[in-house]
There are 2 protein chains.
Amino acid sequence: MVQDSIRILQAQGYKATKPRKLVFEVLEGIGRPLSPYDIQDILRARGKHLNHVTIYRTLDLLCSLNLAHKVLSSGRFVKCSLAAIEGCHRFMICQQCGAIREFADKQLCQEENDFARNLGFHTEHHFSEFSGLCSQCYSK
Amino acid sequence: MVQDSIRILQAQGYKATKPRKLVFEVLEGIGRPLSPYDIQDILRARGKHLNHVTIYRTLDLLCSLNLAHKVLSSGRFVKCSLAAIEGCHRFMICQQCGAIREFADKQLCQEENDFARNLGFHTEHHFSEFSGLCSQCYSK
DNA sequence: GCCTAAATGCAATATTATTGCAATTAGCTA
DNA sequence: TAGCTAATTGCAATAATATTGCATTTAGGC
Ligand SMILES: [Mn+2]
Ligand SMILES: [Mn+2]
Ligand SMILES: [Zn+2]
Ligand SMILES: [Zn+2]
């Protein structure tokens with residue numbers, strides 16, 4: 001819900017502004033990764049006009065609060081679908097249809113952290129995206 | 001060695017051109033991730049002038065042959081340091097000093113593939129970057 | 001040395017992202 | 001509810017990153 005996210009913003013001392021609500025509504029409603037300019041176009045089509053700088057700033061804020069994520073392999077943004085689930089949030093992305101699914105797994109993270117630790121590296125965050133075929137596309 | 005990589009290019013039917021050697025020399029020599037324009041600047045300082053389009057095209061080629069990789073979290077490029085090692089190549093990147101280390105681990109890949117498979121996803125490639133502290137920076 | 005497919009350079013253009021500053025607004029307080 | 005103020009937004013300029021089509025050059029085979 002947009003409402004929930006807005007409450008989180010406010011709880012952190014950020015204002016619940018109209019532009020922020022609009023950007024979040026788009027991310028929530030569309031469900032797939034969008035570039036800042038995609039978001040601007042979608043809003044324009046709805047008769048709402050936002051400066052792209054505002055959109056960038058809003059996305060930065062949402063990402064900093066883990067309410068959204070930047071998908072690095074495409075440079076686009078999605079709403080986080082895992083709410084308050086701890087640990088690093090990852091994506092599986094179908095290279096055929098573009099479907100994206102977010103997941104988290106503590107054990108996987110732990111194994112990666114341990115592996116890195118053995119090499120002397122202290123991990124604070126994982127970026128991790130799987131590319132492949134979703135079940136639908138695979139069965140074709 | 002630049003020589004080895006050039007041989008791989010040729011083995012695939014690509015020409016061993018001067019621009020390609022120059023770009024590869026820079027990646028090899030500098031050792032840390034560089035943007036296409038960084039590479040252009042470095043070459044310019046050495047009295048060599050390459051069009052940025054050529055650099056982009058060379059980097060695309062090198063990446064397609066896994067002789068280099070794009071580090072997605074920064075958008076920069078590094079020479080592959082794992083030569084012919086199978087499986088997906090990952091990075092650990094120190095957020096303090098920028099040191100980058102490439103690694104591969106079959107078991108980690110297998111566990112990730114299995115995990116995704118359980119969710120119905122058939123993985124073809126992992127993209128994965130760890131962010132944290134290298135041993136040097138950690139001990140400070 | 002010649003030939004040709006492959007690669008490069010160039011110019012234009014598109015896309016993505018950031019900055020400083022003036023104008024506006026959300027949320028607090030009286 | 002009106003007024004206040006820090007936070008936020010819009011605007012304009014600019015930077016950084018990336019792609020395209022086409023004319024020119026070049027590597028590598030003959
Ligand atoms: Mn998430
Ligand atoms: Mn590699
Ligand atoms: Zn699919
Ligand atoms: Zn370090």
Side-chain angles (χ1 to χ4, degrees), chain A residues 2-3 5-27 32-44 46-65 67-78, chain B residues 2-3 5-27 32-44 46-65 67-78:
Chain A
V2 174
Q3 297 287 38
S5 301
I6 292 301
R7 259 189 288 276
I8 292 174
L9 279 190
Q10 289 180 310
Q12 304 292 323
Y14 298 102
K15 291 185 180 177
T17 66
K18 202 175 296 186
R20 286 172 179 165
K21 287 177 195 164
L22 288 174
V23 168
F24 203 86
E25 268 168 32
V26 170
L27 281 184
R32 60 190 164 70
L34 297 172
S35 78
Y37 290 96
D38 289 340
I39 294 170
Q40 190 178 45
D41 290 344
I42 289 167
L43 284 171
R44 195 177 359 251
R46 297 179 184 173
K48 316 283 186 178
H49 289 254
L50 285 192
N51 192 279
H52 73 271
V53 179
T54 300
I55 298 174
Y56 273 96
R57 293 195 274 225
T58 295
L59 290 170
D60 282 351
L61 178 63
L62 294 177
C63 287
S64 76
L65 297 174
L67 297 172
H69 305 290
K70 184 171 194 172
V71 180
L72 293 183
S73 56
S74 66
R76 293 179 160 73
F77 295 84
V78 282
Chain B
V2 174
Q3 298 286 37
S5 302
I6 293 300
R7 259 189 288 277
I8 292 174
L9 279 189
Q10 289 179 310
Q12 305 292 322
Y14 298 102
K15 292 185 178 177
T17 65
K18 200 175 299 188
R20 285 171 179 166
K21 288 177 196 165
L22 288 174
V23 168
F24 203 85
E25 269 168 31
V26 170
L27 281 184
R32 59 189 164 72
L34 297 172
S35 78
Y37 291 95
D38 289 340
I39 294 171
Q40 190 177 45
D41 290 344
I42 289 167
L43 284 170
R44 196 179 357 251
R46 297 180 184 172
K48 317 282 186 180
H49 289 254
L50 286 192
N51 191 278
H52 73 271
V53 179
T54 301
I55 298 174
Y56 273 96
R57 293 194 274 226
T58 295
L59 291 170
D60 282 350
L61 178 62
L62 294 177
C63 287
S64 76
L65 298 174
L67 297 172
H69 304 291
K70 184 171 193 173
V71 181
L72 293 184
S73 56
S74 67
R76 293 179 160 72
F77 295 84
V78 282

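The chains referred to below are lettered A, B, ... by the order of the sequence lines, with proteins before strands, and numbering in each begins at 1. This structure is a prediction, so every number in the text was calculated from the model and none was measured.
- Rounded to whole angstrom, the span from the CD1 atom of B:Ile6 across to the P atom of C:dA7 amounts to 12 Å.
- Minimum heavy-atom separation, B:Pro19 to B:Thr54: CB-CG2, 3.7 Å.
- The NE2 atom of B:His49 sits 17 Å away from the P atom of C:dT8 (whole-angstrom rounding).
- Note that the NZ atom of A:Lys48 and the NZ atom of A:Lys21 stand 11.5 Å from one another [nearest 0.5 Å].
- Residues from residues 7-16 of chain B with heavy atoms under 4.0 angstrom of DNA chain D, sorted by number: B:Gln10, B:Lys15, B:Ala16.
- In this structure, B:Leu62 CG and B:Ile8 CD1 are separated by 10.5 Å, a value rounded to the nearest 0.5 Å.
- For C:dG9, one of the phosphate oxygens OP1 or OP2 lies less than 4.0 angstrom from a side-chain nitrogen or oxygen of B:Thr54.
- Regarding A:Ile55, its CD1 atom lies at a distance of 11 Å from the P atom of D:dT9, rounded to whole Å.
- Between the CG atom of A:Asp41 and the P atom of C:dT16 there is a distance of 10 Å, rounded to whole Å.
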Exercise. Kindly determine whether A:Arg44 and A:His49 satisfy side-chain contact (heavy atoms from CB on, under 4.5 Å), including the steps that lead there.
Key: CA-CA 5 Å; A:Arg44 195 177 359 251; A:His49 289 254; 3.3 Å; yes
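- One finds no salt bridge joining B:Asp60 and B:Arg57 here, because no Lys/Arg side-chain nitrogen approaches an Asp/Glu carboxylate oxygen to under 4.0 Å.
- The interatomic distance linking B:Lys18 (NZ) with C:dA7 (C1') rounds to 14 Å, in whole Å.
- Remark: C1' of C:dA17 and CG of A:Leu61 are 17 Å apart, rounded to the nearest angstrom.
- In this structure, the separation between CG on A:Leu59 and CZ on A:Arg76 is 12.5 Å, given to the nearest 0.5 Å.
- Of the listed residues (A:Pro33, A:Ser35, A:Pro36), just one forms a side-chain contact (heavy atoms from CB on, under 4.5 Å) with A:Phe77, and that residue is A:Pro36.
- Dashed line: the shortest gap from a side-chain N or O of A:Thr17 to OP1 or OP2 of D:dT9 is under 4.0 Å.
- Other residues, nucleotides and ligands contribute at most 12 non-hydrogen atoms within 6.0 Å of the CZ atom of B:Arg32.
- When the C1' atom of D:dT8 is taken as reference, atom CG of A:Leu50 falls 12 Å away, rounded to whole Å.
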Quiz item: Which letter, B, S or -, goes with each nucleotide of nucleotides 12-24 of chain D from 5' to 3', with contact meaning a protein heavy atom under 4.0 Å?
Solution: B----BBBBB---
Self-check item: Derivation of the side-chain contact (heavy atoms from CB on, under 4.5 Å) call for A:Thr58 and A:Leu50
Solution: CA-CA 11 Å; A:Thr58 295; A:Leu50 285 192; over 6 Å; no
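- Atom NZ of B:Lys48 and atom C1' of C:dT8 are 16 Å apart (whole Å).
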